[in-house]
Amino acid sequence: MAAIPAEDYANAPRLGPPIEELTSIVGAENIRSYGELSEPWQRAIAQAVAPGTQISGVVYPGTSAELAEVVRQADEHQWGILPCGNGSKLSWGGLGSDINLVVSTQRLNRVIEHAVGDLTVTAEAGTKFADLQALLAKAGQFLALDPAYPETATLGGIVATSDAGSLRQRYGGVRDMLLGLSLVRADGAIAKAGGRVVKNVAGYDLMKLISGSYGTLGILTQVTFRLYPLQTDSRTVILTGEAEAIAQATQTLLHSALTPAALDILSTATVTNLQIGKGMGLVARFQSMASSVKAQIDRLLELGQTLSLSSHLYADTDEQQLWQRLAASTSADSSEPIVCKIGVRPAEAIAVLAQTEAITSQTAAGLIHASSGLGKLYLDSQATSPATLLELRTLYQAHGGFLSVLQAPIAVKQEFEVWGYAGNGLDLMRRLKHQFDPKNLLSPHRFVGGI
């Protein structure tokens, strides 16, 4: 969980209504008043809510039935709920208000069924991503997602934030992986959608709605994902150099027969942080049989040489360390970076990144997934004003994209509208929110348009 400045921590939430009556549902050992929480938990909650918001504490249900009853009680008392798993992404999104209670799915962490032959797995929402991957690896399979904070992120949190990562290049996003789900509605009723087999598409629209809804429509209890076989070989190439050459290499690769599992465009600051050269970068990861990986790597290296780009090849432990370094290198040199989710027309990604660097004096670390145009931008909160954020948002919107602030100091979120939604679907979103949560009890005011 990211640290927050002392002045923000001083505005931490105060104690709210008593929650002792929930003891009969989950047991006294599974309730923590706000004052009993560890400092990391208090800080995470403080980043998610408006200063002065009264929080009673955190409740940790151990079963779907317990969670449903907790939500039913909250509905009866009209307590606002902030749902979470381990809290690793609580800092993402707007500042909630009218919230009285944090409900964590941390104890809902069981794997329900791993159908090896069907390449599917059903697990509870609080299951850690890293724990599930370790289990699946024993059967030679994996969940093709690459979320932030993989060691602590839970499956429910990954779905709620639609956090797919770089592997979306080959496998798609969270919605493409999700086959079924169960959730607790705002009134405490349990609802289900989809199934445990790839052929079942019932309820697919509900799954699309829940993915990326930031806990505003329901609290996930179980998820079912499609899986993929582990590949026998994996290697990564990074090309660095002039923006025009990187753009040409990207387009050539995208229109070729090569099939990278990940393909990301790196900002100049990210390349500098990795200490792998100068200029912008293109990172391509290939995973397949050894012969196929070698052939594709050779073609990419040849392309890089033709375009006078520097190349770096990583395999085995070096490759694993590279991707860990890449995740770390996109963090701005700040105690609490401003983290933005960005999107742009893929063909214009490099040009927009270059303009981003011009606006921020080449301090913006980040990456854009080459096929989708989605990515993240990391800015130094000490050197980035709301005016700069607005300038960047205007830039991305002018190129058919968006810029949303996921994480930032509380003062920035109070001054700058974090989502920046410019589409025409806000009315529909509000009607859906009212239909799912008429009392506005789930993550109130954390989502687009104050939903």
Side-chain angles (χ1 to χ4, degrees), residues 165-166 168-169 238-255 262-274 276-284 304 307-310 326-327 329-334 337-408 412-413 415-423:
S166 295
R168 69 180 307 132
Q169 167 68 29
I238 297 183
L239 303 178
T240 60
E242 296 295 327
E244 289 186 6
I246 292 294
Q248 189 173 344
T250 302
Q251 291 305 310
T252 301
L253 182 52
L254 286 173
H255 291 89
L263 184 64
D264 295 334
I265 301 162
L266 308 180
S267 71
T268 298
T270 301
V271 171
T272 300
N273 292 343
L274 287 171
I276 55 174
K278 296 181 179 180
M280 299 185 73
L282 179 66
V283 55
L307 296 172
S308 299
L309 293 169
S310 300
L326 183 57
S329 71
T330 48
S331 295
D333 186 16
S334 170
I338 296 175
V339 182
C340 302
K341 184 174 182 178
I342 53 177
V344 67
R345 285 189 286 263
E348 300 177 55
I350 291 176
V352 173
L353 264 186
Q355 292 178 67
T356 299
E357 293 175 343
I359 293 172
T360 61
S361 302
Q362 292 193 343
T363 61
L367 59 81
I368 294 179
H369 309 312
S371 285
S372 66
L374 299 174
K376 289 202 179 82
L377 202 61
Y378 297 76
L379 306 165
D380 187 338
S381 60
Q382 303 301 315
T384 305
S385 67
T388 300
L389 287 173
L390 182 59
E391 186 176 0
L392 289 171
R393 174 172 287 168
T394 301
L395 168 66
Y396 281 84
Q397 289 179 344
H399 291 270
F402 66 91
L403 182 148
S404 296
V405 175
L406 296 180
Q407 177 180 310
V412 173
K413 288 191 175 184
E415 188 173 347
F416 187 77
E417 203 287 305
V418 298
W419 293 103
Y421 178 71

*So, for I350 and A247, which heavy atoms are closest and what is the spacing to 0.1 Å?*
CD1-CA, 3.1 Å
*What distance do L406 atom CG and K376 atom NZ have between them, rounded to the nearest 0.5 Å?*
6.5 Å
*Would you say the side chain of L374 lies within less than 4.5 Å of the side chain of F402, judging by non-hydrogen atoms?*
yes
*Taking T388 for its side chain and T384 for its backbone only, find out whether a donor-acceptor pair lies under 3.5 Å.*
no
*Beyond-backbone contact of L377 with Y396, side-chain heavy atoms, under 4.5 angstrom*: yes
*So, the side chain of E348 versus the backbone of G400: is there a donor-acceptor pair under 3.5 Å, distance only?*
no
*Indicate the atoms forming the closest heavy-atom contact of T240 with L309, along with that distance.*
O-CD2, 3.4 Å
*What is the distance from atom CG of L353 to atom CD1 of I265, rounded to the nearest 0.5 Å?*
6.5 Å
*Does a side chain donor of either Y421 or S404 reach within less than 3.5 Å of an acceptor in the other side chain?*
no
*L263 versus A284, closest heavy-atom pair with distance*: CD1-CB, 3.7 Å
_Between OG1 on residue T363 and CD on residue E357, distance to nearest 0.5 Å_ = 9.0 Å
*Output yes when a side-chain donor or acceptor of T270 lies under 3.5 Å from a complementary backbone atom of G366, and no otherwise.*
yes
*Taking the side chain as every heavy atom from C-beta outward, state whether L274 and L266 have any atom pair closer than 4.5 Å.*
yes
*If every non-hydrogen atom of S371 is compared with every non-hydrogen atom of L254, which pair is closest and at what distance?*
OG-CD2, 3.3 Å
*Report the distance from atom CD of Q169 to atom CG of D264, rounding to the nearest 0.5 Å.*
8.0 Å
*For atom CD of E244, decide whether the heavy atoms of other residues, nucleotides or ligands shown that lie under 6.0 angstrom number more than 12.*
no
_Passing candidate, side-chain contact (heavy atoms from CB on, under 4.5 Å) with L395, options L390, I342, I359_ = I359
*CG/L239 to CD1/I276 distance, rounded to the nearest 0.5 angstrom?*
9.5 Å
*asked:* Quick check: closest heavy atoms across A365 and S267, and the distance to 0.1 Å?
replied: CA-OG, 3.5 Å
*Which heavy-atom pair separates W419 from R393 by the least distance, and what is that distance?*
C-NH2, 3.6 Å
*Flag the pair L389 / L379 as yes when at least one side-chain heavy-atom distance between them is below 4.5 Å, and no otherwise.*
yes
*asked:* To the nearest 0.5 Å, what is the distance between CD on Q382 and CD1 on I338?
replied: 9.0 Å
